[in-house]
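Before any comments, here is the structure.
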2 protein chains.
Amino acid sequence: MSSSITPEPLQRLNVSSSPQERFEEYLQTRGLRQTSQRKFLIDAVFSEHEHFDADELIDRLPAKGEDNYVSSATVYRTLREFVDAGLLKSFQLDGRTVYELDYGYPAHDHLYCTRCKELFEFTSEALVGLRDQVASKMGFRVSGHRMIIQGMCSDCITKSRRKKRKQDLV
Amino acid sequence: MSSSITPEPLQRLNVSSSPQERFEEYLQTRGLRQTSQRKFLIDAVFSEHEHFDADELIDRLPAKGEDNYVSSATVYRTLREFVDAGLLKSFQLDGRTVYELDYGYPAHDHLYCTRCKELFEFTSEALVGLRDQVASKMGFRVSGHRMIIQGMCSDCITKSRRKKRKQDLV
DNA sequence: ATTTGTGCAAAGCCTTTGCATGGGT
DNA sequence: ACCCATGCAAAGGCTTTGCACAAAT
C-alpha cells in the first residue's frame with residue numbers, strides 16, 4: 001500500500017518500437033509525410049526527458065540561418081502532432097502549454113514548486129483507484145485525469161529558511 | 001471510507017460574514033476603495049454559483065451604454081482582487097481562466113466532461129490524505145492541489161449511444 | 001503530378017497595462 | 001487634496017492561420 005507511491009525518477013519502459021518508429025507508423029496510416037523537420041524535432045524532443053514549453057524548445061533548436069532550422073510555426077504544429085500521435089502529453093501551467101514525454105514512460109502526476117517553478121513527478125496507484133471510484137459514483141466514463149500538487153520543494157524550503165534567518169539578523 | 005466521496009451539490013457553509021462584508025474588510029485593511037463597480041461585481045458573481053470565465057461574466061453584465069456598465073479591464077482587475085481576497089478560486093482549463101466561488105464553499109475537485117464541456121464537483125477526504133502522503137514522501141510543503149478527472153458525463157454517454165445507434169441504422 | 005509541409009507574416013485570443021480622467025476617503 | 005480606480009485603447013504573450021513556395025509520395 002505504502003509502496004504505491006514512487007518518488008524515484010521514472011524509467012523508460014520496454015516498448016517494442018522507438019518513438020521515431022511509432023511516429024512513422026502514425027504518419028503512414030494517415031497519408032502524412034516524413035520530413036526532415038519532423039525527424040529532427042522528434043530527436044530533439046526525445047533526447048532529454050524534461051518538461052518544456054514551445055518557447056524553451058525553440059530556444060535550444062538551431063537559430064534562423066543555421067542548419068536544421070525549423071520555424072516556430074512548424075514547431076507548434078509538430079508538437080500538436082506529437083500529442084496526437086501519443087508521443088507527448090501536454091497540460092497547462094501558469095498559462096503556457098507544458099509538454100512532457102509520454103510514449104515509453106509510465107503514467108504519473110506532478111508536484112509543482114511554486115518557488116523554483118520546477119515540476120516533480122510521482123506515481124500513485126491509489127490515486128488512480130480513487131479517481132475511478134469517484135468517476136463511477138458520478139456515472140462518468142474516465143478518459144484521464146490531471147493532478148498537480150502545489151507547494152514548496154525541499155530545496156526551496158531550505159533556501160527560504162536560510163534567507164529568513166539572514167533577514168532576521170538585520 | 002466510501003462516504004468520503006460526496007457527489008451531491010455543494011452547500012454553502014455557515015460563515016460569519018457575507019462575501020460583501022469580507023471584501024469590504026479586505027479593501028479597508030489595504031487602503032483600497034469601495035466603488036460602485038466592485039459592489040456590483042461582487043453581487044453579480046455571488047448571485048449564482050456556476051463556473052465561469054471572464055468572457056462569460058462580461059456577457060451577462062450590462063452592455064456599454066446601459067446602467068452599471070463595467071469595462072472589461074475592470075472586470076479582469078476585479079476578478080484578480082476577488083481571488084486575492086479569497087472570494088474566488090481560479091484555474092486553467094482549455095487555455096482560459098475559469099473562476100468559481102471559494103469563500104463560503106467547501107474545498108472540492110472537478111470532473112470535466114470533454115463532450116459537453118461541463119464541470120462537475122466532488123469532494124474526497126481520501127484524495128487530500130493521499131496528496132499529503134505523497135507530498136511528505138517528496139519532502140514537499142503543500143499549499144494546495146488541482147485535480148481534474150476528464151471523461152464523459154452520464155448524460156453525454158446516453159446521448160452518444162443514441163447518436164451511434166442512429167448512425168448504425170443508416 | 002499531386003497534395004502535404006514549411007516559412008513567413010499577419011491575425012487571433014485572452015489578458016494586462018499606460019495614461020488621462022473620474023471618484024472615494 | 002490626495003491618490004486610488006476606471007475606461008479606453010494599445011500592447012503583450014502565446015499560439016494559430018492564410019498564403020505562396022518547397023518538398024515528399
Side-chain angles (χ1 to χ4, degrees), chain A residues 20 23-42 44-45 51-85 88 90-99 117, chain B residues 20 23-42 44-45 51-85 88 90-99 117:
Chain A
Q20 287 82 355
F23 193 53
E24 272 184 44
E25 213 178 290
Y26 169 89
L27 293 174
Q28 284 180 354
T29 59
R30 325 203 163 203
L32 304 179
R33 292 162 188 183
Q34 293 182 236
T35 63
S36 59
Q37 289 89 337
R38 283 172 176 159
K39 280 182 208 156
F40 187 76
L41 286 177
I42 202 169
V45 162
H51 301 89
F52 61 93
D53 61 21
D55 206 52
E56 286 162 3
L57 175 59
I58 290 167
D59 277 355
R60 47 176 249 255
L61 291 174
K64 200 184 295 195
E66 296 179 19
D67 277 7
N68 289 316
Y69 167 72
V70 182
S71 71
S72 327
T74 295
V75 171
Y76 277 102
R77 284 188 279 238
T78 307
L79 286 173
R80 285 179 130 209
E81 292 172 328
F82 287 171
V83 172
D84 286 350
L88 297 182
S90 71
F91 55 102
Q92 303 284 128
L93 191 65
D94 288 346
R96 77 232 163 98
T97 303
V98 177
Y99 297 89
K117 313 291 182 201
Chain B
Q20 287 82 353
F23 194 52
E24 274 184 42
E25 213 179 290
Y26 169 87
L27 293 173
Q28 284 179 353
T29 59
R30 324 201 164 204
L32 304 179
R33 290 162 189 184
Q34 292 182 236
T35 64
S36 59
Q37 289 90 339
R38 282 173 177 158
K39 279 182 209 155
F40 186 77
L41 287 177
I42 203 167
V45 162
H51 301 90
F52 62 93
D53 62 20
D55 206 51
E56 287 161 2
L57 176 59
I58 290 167
D59 278 354
R60 48 177 248 257
L61 292 174
K64 201 183 296 195
E66 297 178 20
D67 276 6
N68 289 317
Y69 167 71
V70 182
S71 71
S72 328
T74 295
V75 171
Y76 277 104
R77 283 188 280 236
T78 308
L79 285 174
R80 286 180 130 207
E81 291 172 329
F82 287 171
V83 173
D84 285 350
L88 297 181
S90 70
F91 55 101
Q92 304 285 128
L93 190 65
D94 287 345
R96 77 231 163 99
T97 303
V98 177
Y99 296 88
K117 312 291 182 201

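Convention: sequence-line order gives letters A, B, ...; per-chain numbering from 1.
Using a 4.0 Å heavy-atom cutoff across all strands shown, A:S36 reaches no nucleic acid atom at all. Residue B:R80 is classed as a sugar-phosphate contact, given heavy-atom separations below 4.0 Å to backbone atoms only.
Phosphate proximity of D:dT6 to B:S71: absent, as no side-chain N or O sits under 4.0 Å from OP1 or OP2. For A:Y76, a side-chain nitrogen or oxygen approaches OP1 or OP2 of D:dT15 to under 4.0 Å. Checking the phosphate oxygens (OP1, OP2) of C:dT4, no side-chain nitrogen or oxygen of A:T35 falls inside 4.0 Å. Residue B:Q37 places no side-chain N or O under 4.0 Å from the OP1 or OP2 atom of C:dG23.
Atom pair A:L41:CG and C:dG7:P shows a separation of 9 Å (rounding to whole Å applied). A:N68 places its CG atom 19 Å from the P atom of C:dG5, with the value rounded to the nearest Å. The interatomic distance linking A:D59 (CG) with D:dC14 (P) rounds to 11 Å, in whole Å. A:F52 has its CZ atom 16 Å from the P atom of D:dC14, to the nearest Å. Between B:I58 atom CD1 and D:dG7 atom P there is a gap of 11 Å when expressed in whole angstrom units. One interatomic measurement links the two molecules: CG of B:L27 to C1' of D:dC4, which rounds to 11 Å at whole-angstrom precision. The CZ-C1' distance, from A:F40 to C:dG7, rounds to 16 Å in whole Å. Residue B:E56 contributes atom CD, which lies 10 Å from atom P of C:dC14 at whole-angstrom precision.
In this structure, B:D59 CG and B:E56 CD are separated by 8.0 Å, a value rounded to the nearest 0.5 Å. In this structure, the separation between CD on B:E24 and CD1 on B:I42 is 8.5 Å, given to the nearest 0.5 Å.
Under a 3.5 Å cut-off, the side chain of B:R38 and the backbone N or O of B:R33 do form a donor-acceptor pair. Side-chain atoms of B:Q28 do not come within 3.5 Å of backbone N or O of B:E25 as any donor-acceptor pair.
When the nearest nucleotides of DNA chain C are assigned to B:A54 and B:L32 by heavy-atom distance, the more 5′-ward of the two goes with B:A54. Between A:R77 and B:Y69, the residue anchored closer to the 5' end of DNA chain D is B:Y69, taking for each the nucleotide with the nearest heavy atom.
Taking 3.5 Å as the limit, the base of C:dT4 and the side chain of A:R33 contain a donor-acceptor pair of atoms between them.
Closest to the A:Q34 side chain, of the nucleotides C:dT17, D:dT25, C:dT25, is D:dT25.
The side chain to side chain contact (heavy atoms under 4.5 Å, CB included) with B:F82 is formed by just one residue from the set B:F23, B:Y99, B:Y26; it is B:F23.
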